[in-house]
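Everything below concerns the one structure shown next.
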Amino acid sequence: MNLPPKVTDRAFERLSEIDAAAQGQALRVAVEGGGCSGFQYEIKLDTPDTDDLVLEKDGQKVLVDSVSLPFLSGATIDFTEELIGARFVIDNPNATSSCGCGTSFSM
């Protein structure tokens, strides 16, 4: 059984700050083949598809497609602000290793 990913309050707050829902957009988190470790995350604003898992809070939505869901089982989607920039990040317990940039991983 795949546990859905969790989305932190901070990630939902950032979506609210950029007013994603008012634009008819949601945060899509997907996993694709590629990157320096075998898989990579694609994080972008998008519109929902019929097979998406929709995680919602206060009108803001995070989307995960059915193909990516097993790779993100039990993961946490967060937003971080650091000196080098601000970005959405994934803490994925399924990843056995990841690259330095944090967008590529292996299982």
Side-chain angles (χ1 to χ4, degrees):
M1 181 170 133
N2 292 324
L3 296 173
K6 294 174 267 181
V7 182
T8 65
D9 289 342
R10 190 170 35 206
F12 279 121
E13 288 167 8
R14 180 60 181 150
L15 287 171
S16 182
E17 287 172 8
I18 61 176
D19 213 12
Q23 302 170 42
Q25 300 282 300
L27 183 73
R28 177 170 300 283
V29 178
V31 174
E32 300 179 335
C36 53
S37 296
F39 296 100
Q40 62 187 3
Y41 299 113
E42 180 182 14
I43 301 173
K44 65 181 181 177
L45 291 178
D46 199 5
T47 55
D49 287 333
T50 55
D51 72 333
D52 287 337
L53 169 69
V54 179
L55 305 164
E56 186 172 1
K57 182 177 180 184
D58 299 330
Q60 301 301 321
K61 297 177 183 176
V62 175
L63 313 171
V64 179
D65 65 84
S66 60
V67 174
S68 299
L69 187 57
F71 296 100
L72 295 169
S73 178
T76 301
I77 301 164
D78 196 6
F79 182 78
T80 184
E81 293 184 77
E82 301 169 352
L83 289 175
I84 58 171
R87 63 188 176 126
F88 289 97
V89 294
I90 313 293
D91 179 17
N92 191 341
N94 305 304
T96 57
S97 66
S98 62
C99 66
C101 66
T103 61
S104 180
F105 66 99
S106 62
M107 293 182 77

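Excluded from the calculations below are hydrogen atoms, water molecules and symmetry mates; all remaining heavy atoms, backbone and side chain alike, are included.
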Heavy-atom closest contact ([X] atom, [Y] atom, distance):
{"X": "Ala21", "Y": "Gly59", "answer": "CB-O, 3.3 Å"}
{"X": "Pro93", "Y": "Ala75", "answer": "CD-CA, 3.7 Å"}
{"X": "Arg28", "Y": "Asp46", "answer": "NE-OD2, 2.6 Å"}
{"X": "Phe12", "Y": "Gln60", "answer": "CE2-O, 3.5 Å"}
{"X": "Pro70", "Y": "Ser66", "answer": "CD-O, 3.4 Å"}

When rounded to the nearest 0.5 angstrom, what is the spacing between [atom1] in [X] and [atom2] in [Y]?
{"X": "Lys57", "Y": "Asp9", "atom1": "NZ", "atom2": "CG", "value": "3.0 Å"}
{"X": "Lys61", "Y": "Glu56", "atom1": "NZ", "atom2": "CD", "value": "5.0 Å"}
{"X": "Asn92", "Y": "Ile77", "atom1": "CG", "atom2": "CD1", "value": "9.5 Å"}

- Message: With a 6.0 Å cut-off (strictly less than), is the heavy-atom count around CD of Glu81, excluding the residue itself, greater than 12?
- Response: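 Open.
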State, with a plain yes or no, whether a side-chain heavy atom of [X] is found less than 4.5 Å away from one of [Y].
{"X": "Ile43", "Y": "Val89", "answer": "no"}
{"X": "Val7", "Y": "Leu27", "answer": "no"}
{"X": "Pro5", "Y": "Leu53", "answer": "yes"}

- Query: Do Thr8 and Asp78 have side-chain atoms, one donor and one acceptor, less than 3.5 Å apart?
  - Reply: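 On atom types as modelled, these side chains qualify, holding a pair under 3.5 Å.
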[X] side chain to [Y] main-chain N or O, any donor-acceptor pair under 3.5 Å?
{"X": "Arg87", "Y": "Thr80", "value": "no"}
{"X": "Ser68", "Y": "Ala30", "value": "no"}
{"X": "Ser73", "Y": "Leu3", "value": "yes"}
{"X": "Asp49", "Y": "Asp52", "value": "no"}

- Pick one: which of Val31, Thr76, Leu72 meets side-chain contact (heavy atoms from CB on, under 4.5 Å) with Ile90?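 Per the side-chain contact (heavy atoms from CB on, under 4.5 Å) rule, the option paired with Ile90 is Leu72, out of Val31, Thr76, Leu72.
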- Write out all pairs satisfying salt bridge (charged side-chain N to carboxylate O under 4.0 Å, His left out) with one or both partners inside residues 12-24, taking only residues at least two apart or from two chains.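 Matches after skipping sequence neighbours: Arg14-Glu17.
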- In the hydrophobic clustering that connects Ile, Leu, Val, Met, Phe, Trp and Tyr at side-chain heavy-atom distances below 4.5 Å, which members other than Val54 occupy its cluster, ordered by chain and number?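 Leu63, all in the cluster of Val54.
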- Linked, directly or transitively: Val64 and Val67 (ILVMFWY side chains, under 4.5 Å):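 The answer is no; the residues belong to distinct hydrophobic clusters.
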- Item | Partner residues of Phe79 under the ring-ring contact (aromatic ring centres under 6.0 Å, His included) criterion, sequence neighbours left out |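 Listed in chain order: Phe88.
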